[in-house]
> 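Structure provided below as structure tokens; questions to follow.
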2 protein chains.
Amino acid sequence: MDQRQALAAFGALSQETRLHIIRMLVVSGPDGMAAGSIAERAEVSPSNVSFHLKELERSGLITQQRESRSIIYTANYEALGGLIRFLMEDCCGGNAEICAPAAAVAACCAPATKEELQ
Amino acid sequence: MDQRQALAAFGALSQETRLHIIRMLVVSGPDGMAAGSIAERAEVSPSNVSFHLKELERSGLITQQRESRSIIYTANYEALGGLIRFLMEDCCGGNAEICAPAAAVAACCAPATKEELQ
DNA sequence: TCAACGATTCAAGGATTATTGAAATATGGA
DNA sequence: TCCATATTTCAATAATCCTTGAATCGTTGA
């Protein structure tokens, strides 16, 4: 993830509806969610959700794929991980005081595999 | 860090000049930087840097303190760490696939202390 | 082919954010 | 007190973003 992508991703996450959408999509995993379901659960109009989904896709945080009549949106785990990494390394310079507590949090809920730790 | 603060922080980081400022302030550490020095190194006008510094302060990512004629701005390490934590836990639900690689990065450059790992 | 469904696009309007330069404020020293 | 320095505030303009509802597009099944 380069700076250009990070700026777009930060902008995407700075809006309440979009942050809500990202959360839902992370929870729903690889199956993703149809635009209509997202609109319903986020309680926004179809055209409004479409606007925000486009913004999120532009930032690379989600991807779409058509499935019959529906369009299924899925969180891009790699991009989200890349953004966290950008925030830690590129933005905060790997500063221990900033990153160590965050790393501790991650270590608690999801220990990294050997491969990932190399 | 609650959602309201996180939204403001993401918005603050979504602008090139402000991201640049945060980077500089993280590097300069507890000593911080005077508004004038920031403006000079970021190559923006004093009034423009003042606008962005106010925005960053409003988001909680930096703090200010007057030192004689200068106003010194300092990165708020706690807030930055809190934002990373928010991104991992609240936004990404502690998802292993997303958080583990990021945790690995942090583990490389700045191992957490025993206390932080508890 | 036609109607219904799921979703996007478009245009208009309002709201927020960014930039600029001039004026104002606060501080310290002569 | 007066001037210079460091910075902010203000007003005006430009640019971007958000919301809304109507129109459009692609897909499916009758």
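The basis for the numbers below is simple: all heavy atoms, side chains too, and nothing from hydrogens, waters or symmetry mates. We name chains A, B, ... by the order of the sequence lines, and we start the count at 1 in each one. Since we're looking at a predicted model, the values are computed, not measured.
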> Pick base, sugar-phosphate or nothing for B:Ala39, based on heavy-atom distances below 4.0 Å to the nucleic acid.
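B:Ala39: no heavy atom of the nucleic acid under 4.0 Å.
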> In whole Å, what is the span from the CZ atom of B:Arg69 to the P atom of C:dT27?
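In whole Å, C:dT27 P and B:Arg69 CZ are 11 Å from each other.
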> OP1 or OP2 of C:dG6 sitting under 4.0 Å from any side-chain N/O of A:Tyr73?
no
> So B:Lys54 and B:Glu57, salt bridge (charged side-chain N to carboxylate O under 4.0 Å, His left out) or not? Walk me through it.
CA-CA 5 Å; B:Lys54 199 166 76 173; B:Glu57 207 196 1; over 6 Å; no
> In whole angstrom, give the distance that lies between atom CZ of B:Arg41 and atom P of D:dA6.
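That distance rounds to 17 Å.
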> Measure from the side-chain heavy atoms of B:Ile71 and tell me the nearest of D:dT7, C:dT20, C:dA4.
D:dT7
> A:Tyr73 and A:Gln64: side-chain hydrogen bond (donor to acceptor under 3.5 Å, both in side chains), yes or no, with the steps?
CA-CA 4 Å; A:Tyr73 286 90; A:Gln64 68 165 188; 2.9 Å; yes
> Among the nucleotides D:dT20, C:dT17, D:dT27, which one has an atom lying closest to any side-chain atom of A:Asn48?
D:dT20
> So, does the side chain of A:Ser70 form a donor-acceptor pair with the base of C:dG6 at under 3.5 Å?
no
> Could you check which of C:dG28, D:dT27, D:dC18 has an atom nearest any side-chain atom of B:Ser68?
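That would be C:dG28.
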> OP1, OP2 of C:dA18 versus side-chain N and O of B:Arg18: anything below 4.0 Å?
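It does, given that an N or O in the side chain of B:Arg18 lies less than 4.0 Å from OP1 or OP2 of C:dA18.
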> Rounding to a whole Å, what distance do you find between B:Glu16:CD and C:dT17:P?
19 Å
> Can you tell me how far P of D:dT27 sits from CD of A:Gln64, to the nearest Å?
12 Å
> Between A:Arg58 and B:Leu53, name the one whose nearest nucleotide on DNA chain D is closer to the 5' end.
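With A:Arg58 and B:Leu53 compared, the 5'-side residue is B:Leu53.
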> Given atom CZ of B:Phe51 and atom P of D:dA11, what is their separation to the nearest angstrom?
16 Å
> A:Ser50 or B:Glu67: which one's nearest nucleotide on DNA chain C is closer to the 5' end?
A:Ser50
> Which whole-number value in Å describes the distance from B:Ile38 CD1 to D:dT7 C1'?
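Between C1' of D:dT7 and CD1 of B:Ile38: 11 Å.
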> With a cut-off of less than 4.0 Å, is there a side-chain N or O of A:Gln15 near OP1 or OP2 of C:dT17?
no
> Kindly say whether A:Ser68 contributes a backbone atom to a donor-acceptor pair with the side chain of A:Arg66 at under 3.5 angstrom?
yes
> In whole Å, I'd like the distance from the CD atom of A:Gln65 to the C1' atom of C:dA7.
15 Å
> Is any side-chain heavy atom of A:Glu78 closer than 4.5 Å to one of B:Glu97?
no
> Between B:Ser47 and D:dT8, is there a side-chain N or O to OP1/OP2 distance below 4.0 Å?
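Indeed not, no polar side-chain atom of B:Ser47 lies that close.
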> NZ of A:Lys54 versus C1' of D:dT19: gap in Å, rounded?
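Distance, rounded to whole Å: 14 Å.
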> Assess the residue pair B:Arg18 and B:Leu13 against the criterion (side-chain contact (heavy atoms from CB on, under 4.5 Å)); give the C-alpha distance rounded to whole Å, side-chain angles, the decisive distance to 0.1 Å, and a yes or no.
CA-CA 6 Å; B:Arg18 289 195 293 258; B:Leu13 294 179; over 6 Å; no
> Can you tell me if B:His52 touches the phosphate of C:dT19, counting only side-chain N or O atoms and a distance under 4.0 Å to OP1 or OP2?
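Looking at the OP1 and OP2 atoms of C:dT19, one of them is under 4.0 Å from a side-chain N or O of B:His52.
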> Would you mind reporting whether A:Val49 and A:Glu40 have side-chain heavy atoms less than 4.5 Å apart?
no
> Which is more 5' along DNA chain D, the nucleotide nearest A:Arg66 or the one nearest A:Glu55? Just name the residue.
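Looking at the nearest nucleotide for each, A:Glu55 comes out on the 5' side.
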